[in-house]
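One-based numbering, in listed order, for ligands and for the atoms of each.
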Amino acid sequence: MDLNEYEALIQQANKFAYEYYQLDSPSITDSNYNKIYTQLKEFEKKNPLLINPNSPTQIVGNIPRNDFSHFKHKIPLKSLSNIYNQEELEAFYKRLQKQLNRDHIELSVEPKMDGLAVSLHYEKGILNVAATRGNGVIGEIVTNNIKTIKSLPKKLKSPITIEVRGEVMMRRSVFQKINHLFVNPRNAAAGSLRQLNSEITAKRQLDIIIYSGIYSKINLHTDMIKFLSDQGFPVSPDITSCQTIDDVWNAIESIEAKRLDYDFDIDGVVIKVNQLSDQDLIGETAKAPRWAGAYKFAEEEAVTRLEAVEFQVGRTGVVTPVAHLKPISISGALLSKASLHNKDEIERLDIKIGDDVVIKRAGEVIPKVVRLAKKNNNHKPIIFPTSCPCCGTPLIQLDSEVALRCQNNNCKDQIIEKIKHYVSRNAMNIDGLGEAIIEQLLDEALISHIGDLYTLKKEQLIGLDRFAEKSADNLLAAIQSSKVCNLENFIFALGIPYVGAVTATILANYYQTIQAFLDAKYTDLCAIYGIGDVVAKAVQLELANPSFITLVNTLINQGVSPKQPMKHKEGLLAKKTFLITGTLVQSRSAVESVIKEHGGKIISSASKQLNYLILGDKPGSKLQKVTALNEKGATITILSYDQLMELINE
Ligand code: IVH
């Protein structure tokens with residue numbers, strides 16, 4: 001696809017979106033719309049610098065549900081960029097100083113409520129329309145449901161016309177009474193607000209906190225909050241205005257210390273430029289305002305009882321222990337399972353079934369058991385199985401590994417996990433093949449491995465649980481359209497141990513075709529920048545495995561045709577210099593390799609000529625050096641690993 005075709009496709013996609021969202025009469029099927037969407041995504045992945053902000057892929061948030069009438073927000077509801085530590089906060093402040101070209105900037109600090117954003121329109125003081133955020137541009141009208149919120153004024157003190165925005169949530173005290181229905185208060189609020197029947201919403205006793213108003217007569221954000229409070233709105237609590245960055249940090253710490261005192265979940269602190277005219281001067285990106293940031297709280301810990309340990313088989317046959325816990329709530333989520341690493345780790349932590357353990361959860365990731373809290377009487381040792389919990393094959397331990405493996409290629413759990421991986425988003429991106437359906441297809445002997453997916457027929461699907469004519473068509477269409485894929489996604493989809501998405505990209509860029517990859521030799525692999533010995537050995541082992549080669553050939557014979565990666569001739573990052581500091585999620589050499597693939601140059605120390613600093617965990621002195629250089633007028637952009645990947649991929 002060239003740039004003209006890309007632009008034309010955006011116009012087409014937006015026409016369909018308009019028909020769907022505004023007219024409720026789409027002229028193409030969802031799956032055809034999804035195909036266009038995927039094509040746009042692919043082009044944008046390759047050409048991040050050419051992304052058109054009007055592309056439907058650039059719209060934040062979820063797609064509005066069809067049950068409610070749609071509402072086009074006059075001003076889009078955006079997200080907030082994250083700030084994770086003091087250094088990032090300082091960098092945020094420096095950027096503001098630069099943008100406003102002055103040293104002193106007053107900021108406001110307030111809690112970040114963990115609920116759902118809504119926009120409320122009052123006409124002459126009367127609540128007229130309430131809409132959810134939806135995809136940021138188009139939301140759903142939920143006026144009647146919003147009116148069930150007791151604390152929200154339906155009539156204001158003055159007959160003003162104003163739009164206010166806030167967060168709908170469920171108070172913890174209310175959630176506790178109904179917690180069998182939802183995993184956390186946020187989901188409870190979402191599920192309750194999007195009820196077609198307002199009586200159900202009313203029973204859920206939702207609440208709201210207003211955090212902004214769009215009203216031209218006021219100059220400061222903190223004054224706006226005061227004004228809104230005077231009009232009768234429940235507003236952001238503990239809002240503080242700060243004159244220095246130290247004040248901001250103190251305000252953040254004092255909100256974090258009070259985190260559990262609020263009767264609602266907060267997941268961070270929002271920092272905003274207080275002068276509203278300055279906010280306008282600073283402006284926004286397509287996704288988030290530049291004048292605000294969300295400081296996100298670090299991971300939370302909790303103590304609970306380890307009740308049992310279950311052993312699960314992964315896609316490569318590795319058997320891993322999963323902790324079953326006495327259910328416990330961490331930052332609002334009710335947890336009953338956590339990962340328990342491996343045998344060595346369990347021995348090191350000296351944990352037994354029946355002990356109290358410490359669980360840690362960071363953001364949305366799977367929670368982990370991190371250490372022993374207290375030994376209990378009658379605790380029992382965790383006994384590792386000697387045979388596969390799924391198929392009974394004796395487990396083996398490879399020389400270099402701690403993990404126990406089931407080496408039976410026909411083990412059902414392994415096949416399910418392999419298929420789940422194959423169809424997942426960063427792999428072949430086949431929608432509609434969840435675990436339950438995969439299991440059903442295996443049980444009914446309609447498939448026995450990945451290679452059989454492309455032979456599925458409509459007659460076979462109809463009649464299975466969960467399949468009607470339309471869902472069968474949708475699944476088959478998704479399977480068909482996955483045949484045209486990128487080589488890197490295909491290599492990733494094959495599920496070779498240690499080959500993650502970044503490594504797959506390096507391999508695809510190096511080998512260019514699947515045939516060349518299949519002929520790869522260990523020595524060549526070792527010579528590729530970004531590929532270490534462990535990956536090289538794992539790839540070599542898989543390429544020597546006849547059933548792996550048969551699988552790849554079967555897929556290709558069935559029409560799967562991975563595309564040769566585009567050579568980044570000019571290079572997306574051409575002539576740009578990069579420096580890395582701290583620990584990244586991927587190995588440093590892998591990241592350097594990706595940068596080089598896209599034309600960037602790695603340099604070894606900070607100077608005025610540097611363009612980007614990639615910031616990992618526990619950054620070293622390079623960070624101070626870069627911020628000092630920026631203070632003296634350099635324009636070095638500091639990117640997190642995710643931001644770098646966004647720049648390259650999305
Ligand atoms: S100000 C984005 N203030 O956080 C435009 N947002 O992650 C400025 N949120 O969609 C938003 N508490 O729904 C702002 N005190 C607060 C907030 C807050 C929660 C939500 C908001 C937004 C999301 C962004």
Ligand-side contact atoms (ligand 1) for residue partner [X], heavy atom cut-off under 4.0 Å:
X      : answer
Glu110 : 3 (N), 15 (N), 16 (C)
Ala117 : 10 (O), 13 (O)
Lys78  : 2 (C), 10 (O)

Minimum-distance protein heavy atom relative to [atom]:
atom                    : result
atom 8 (C) of ligand 1  : Leu80 CD2, 4.0 Å
atom 18 (C) of ligand 1 : Tyr211 CE2, 3.5 Å
atom 5 (C) of ligand 1  : Pro289 CG, 4.0 Å

Hey, does [Y] have a side-chain heavy atom less than 4.5 Å from the side chain of [X]?
X      : Y      : answer
Tyr6   : Leu40  : yes
Thr201 : Thr148 : yes
Lys272 : Val109 : no
Pro234 : Pro153 : yes

- Task: Check Val270 against ligand 1 and report side chain, backbone, both or neither, counting heavy atoms closer than 4.0 Å.
- Result: side chain

- Is any N or O atom of Leu116, backbone or side chain, closer than 3.5 Å to an N or O atom of ligand 1? no

- Query: Quick one: which of Arg133, Gln279, Glu167, Glu284 has a heavy atom closest to atom 20 (C) of ligand 1?
  - Reply: Glu167

- If hydrogens are left out, which of Lys287, Lys296, Met113 has an atom nearest to atom 19 (C) of ligand 1, that is, the closest non-hydrogen atom? Met113

- Are Tyr93 and Trp249 close enough that their ring centres sit under 6.0 Å apart? no

- Query: Does a sphere of radius 6.0 Å around CG in Asn101 hold more than 12 heavy atoms from other residues, nucleotides or ligands, not counting ones at 6.0 Å or beyond?
  - Reply: no

- Other residues, nucleotides, ligands: >12 heavy atoms within 6.0 Å of Arg425 CZ: no

- Task: Just say parallel, tilted or perpendicular for the rings of Phe297 and Tyr295, cut-offs at 30° and 60°.
- Result: perpendicular

Please verify whether a non-hydrogen atom of [X] lies at under 4.0 Å from ligand 1.
X      : result
Lys272 : yes
Leu77  : no
Pro111 : yes
Ala292 : no

- Any donor-acceptor N or O pair under 3.5 Å, side chains Thr627, Glu90: no

